[in-house]
Amino acid sequence: MNVELTASLSPAVFVPAPSAFDLDVAFGITVAIKVAFILALFLVVPLVVGYMEHKAMGRLQHRRGPVAAGPFGTLQLVADGIKFIQKEDVIPAAADRKVFALAPGLALVPAILVFLVLPFGPGVWAVDLELGLFYALAISSVSVLGVMMGGWASANKFSLIGGLRAGAQLIAYELPLILAAIAVAVQAGTLSLVGIVEAQATFTLPGTDLNLWFVFPQILGFVIFFLASLAELSRPPFDMPIADSELVFGYMTEYTGIKFAMYLLTEYAGMVSMSALMVVLYLGGWQLLPGVGLPGCEGAGGMFDCGWLGAIGGVVITLAKILILTFIMVWARVAYPRLREDQLQRLSWLVLVPLSLINLAVIAIAKVVVF
Amino acid sequence: MAATSPPGVGLLKGLGVTIKHLFKRPSTQMYPNERPDLPPRTRGVIALLEENCTVCMLCARECPDWCIYIDSHKETVPPAKEGGRARTRNMLDRFAIDFSLCMYCGICVEVCPFDALWWSPEFEYAEYDMDKLLHEKEKLREWADTVPPPPPLDEGALPVPEVAAAIDKVVKERELEEAKAEQAARDAELAQAAPAAAPAAAAAKAEEIHVEAGQIDQETFDALIAQGKSERMARAKAKAAYVKKEKARILAEQEAAAAAAPAAPKAEEIHVEAGQIDQETFDALIAEGKSERMARAKAKAAWVKKEKARIRAEQEAAAPAAEVAPAEVAPAEAAAVEAPPAAPAAEAAPARKLSDVHVEGSGEIDQETFDALIAEGKSERIARAKAKAAWIKKRKQEQLDAEGDA
Ligand code: SF4
Ligand code: SF4
């Protein structure tokens, strides 16, 4: 394939890497296949992650987690889903009904749209955008709009406070998140997510043949990105918007049944897409180990132009990395108490933002001087 | 966290603690599939030991939730002893605890002065309907069986006096029963030996019929003990029961004999001279605690009756068999001496009776009988009197036998 990578800073024409789903058929069919692929990923992977969270949380807390629904409790989330559908859909009398009904959908749709640009394996992506990274971060930030709408429309003070905290949290943590991502883009020389993966496969420590993922030079950036994405997702210990000990359940307090399930699905899909972004930005995408290519692949760094075997292997590796990252998120949730609102803001503005600026400056200088 | 440790160490420690648990066995108890591992004295439900409840109402009054319901009525219990006073007793009709109200404070268990309420570890009595949590005394009694036994005393601790006394009692009873069993075994051996010594069936029977006043009816004794009667009373009653049973058996035998010989003369037709007493009956009555006067009177009547029966039996035996070998009187065992003399099957129909024989006694006693009675624990006075009678009886028998032989 003819992926033109611009390792230099000179502007070049971006040629999107073709997806494996770009078949020589009618445009509509291609789109349908891609939508089916995205939806399948969107519905299956978050469920797996959710089950893993149930089980891992249980074991980390010295209990078993779900055991009754299906073998080893594997069908627990399916059972939960069926339960949510059966529940009565309660809307508070004072609620702004239209906004109230629209909010969960508005939170959910961006979570789906992020999946559009995420590369899961060689050729396994829907579309390779030139502004892929920008698109992913921008779209995922839209979700908070749904959260704030829900908080406002519920006509409930707990919901409102929860929604506003979510807004404040987004503003505070979007900054370090983007600054950390920019450093990666600077080092890779591209905003295309496929391009970033390829840049990692071909990046070597200056003066040696040692292939490295971006997590090694940018470990600081990786930690900042990880913490910021936890906060973005309102995951514990950064779950002030939900804070069940003080806000009942934050912006979700008044939601029941399927709407509540949509918020939950948004959270798990967010965990998956943020983890996938970290895999792509820092952990070498579908590369098993730095410098190890996939079977049957040529292309840059032995990671492209694969047969179906390599494609499946790539997808498996990516999903495994996502699962490990989400496990760490669960682990942090179990280990740490919730931050206070002021601590949360302080951490972002006084620690993460300056550190990410330093990280960006160092990478930018290194890019010019060393790499 | 110590101020000296570098920042972030605490965070890593937190992660370390949780990850350790990931590799440990979860402490979850798989409850519906496995029985939970509960402490032995778990407070699951209140159980009622109905037998102990005296309807004192303390529990119902102390219950903070007023969830114990008790109904009762009074009953008059006849006096335990003759001449005693009848007493009223509270009888429990209903005892129910509403577990939908109960807060498991345990005050009722604490306050019950008669140990009728207990904590049971049973806990699986959830219901879909609140009304069903009202449990009556039958259910509460079932739970009482699940109450674990009290924990053992510390080593070297003094035993609880009541418990020690109860244990003592049981041990003594056991020993007594064992002794009884031994005695019965010995008697059985002797009974087996007796027929061998006395080939004449009739004589052997007479031996067997003999009722020893010292024996008790084990069955009756056990039943009375089980009913909670005192040992003394049980023993006395059992003795009486034994005598009664034996007599009934003899009577049955005699009746059977009578039926076999329809031609036999009826008891009324036989004239028996009163004046002698049936020693057996006398002893039995004395043992029952009757006055000597009454015992003597009854014993006399019994003797007459027995004599009549004996004579009738003799006649029956004599009638079909024209020639019957004179049965030898079996050498009686010590106690058997007081038995009515064994039926000497006389060849001649108008047999001479003991009462027809005159024996002059001048204070001699039958030593054998005397010893046996003393061994049985009778007073010397009684033993002497009985032994005298036995001596006279024996002499008479001897005379009678001599005449028969002649
Ligand atoms: S445990 Fe307490 S509340 Fe329950 S029945 Fe006994 S006294 Fe009443
Ligand atoms: S306190 Fe004990 S003895 Fe008295 S009524 Fe209650 S259960 Fe019966």
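Worth saying up front: this structure is predicted, and the values here are computed from it rather than measured.
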[X], [atom1]: over 12 other non-hydrogen atoms inside 6.0 angstrom:
X: B:M103; atom1: CE; value: yes
X: B:R174; atom1: CZ; value: no
X: B:K20; atom1: NZ; value: no
X: B:K74; atom1: NZ; value: no

Sort by residue number and list every member of residues 32-41 of chain B having a non-hydrogen atom under 4.5 Å from chain A. none

Using 0.5 Å steps for rounding, measure from the OG1 atom of B:T18 to the CE atom of A:M57. 11.5 Å

Find the one option among A:R64, A:R63, A:Q61 whose heavy-atom pairs under 4.5 Å with chain B are most numerous.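 Most pairs with chain B among the choices: A:R64.
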
Compare every heavy atom of [Y] with every heavy atom of [X], then report the nearest pair and how far apart it is.
X: A:W331; Y: B:I19; answer: CZ2-CB, 3.5 Å
X: A:L60; Y: B:L22; answer: CD2-CB, 3.9 Å
X: B:L15; Y: A:Y336; answer: CG-OH, 3.2 Å

Does anything in residues 59-86 of chain A pair up under ring pair (Phe, Tyr, Trp, His ring centres under 6.0 Å), and if so which pairs, sequence neighbours excluded?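 Listed by first then second residue: A:H62-B:H21, A:F84-A:F260.
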
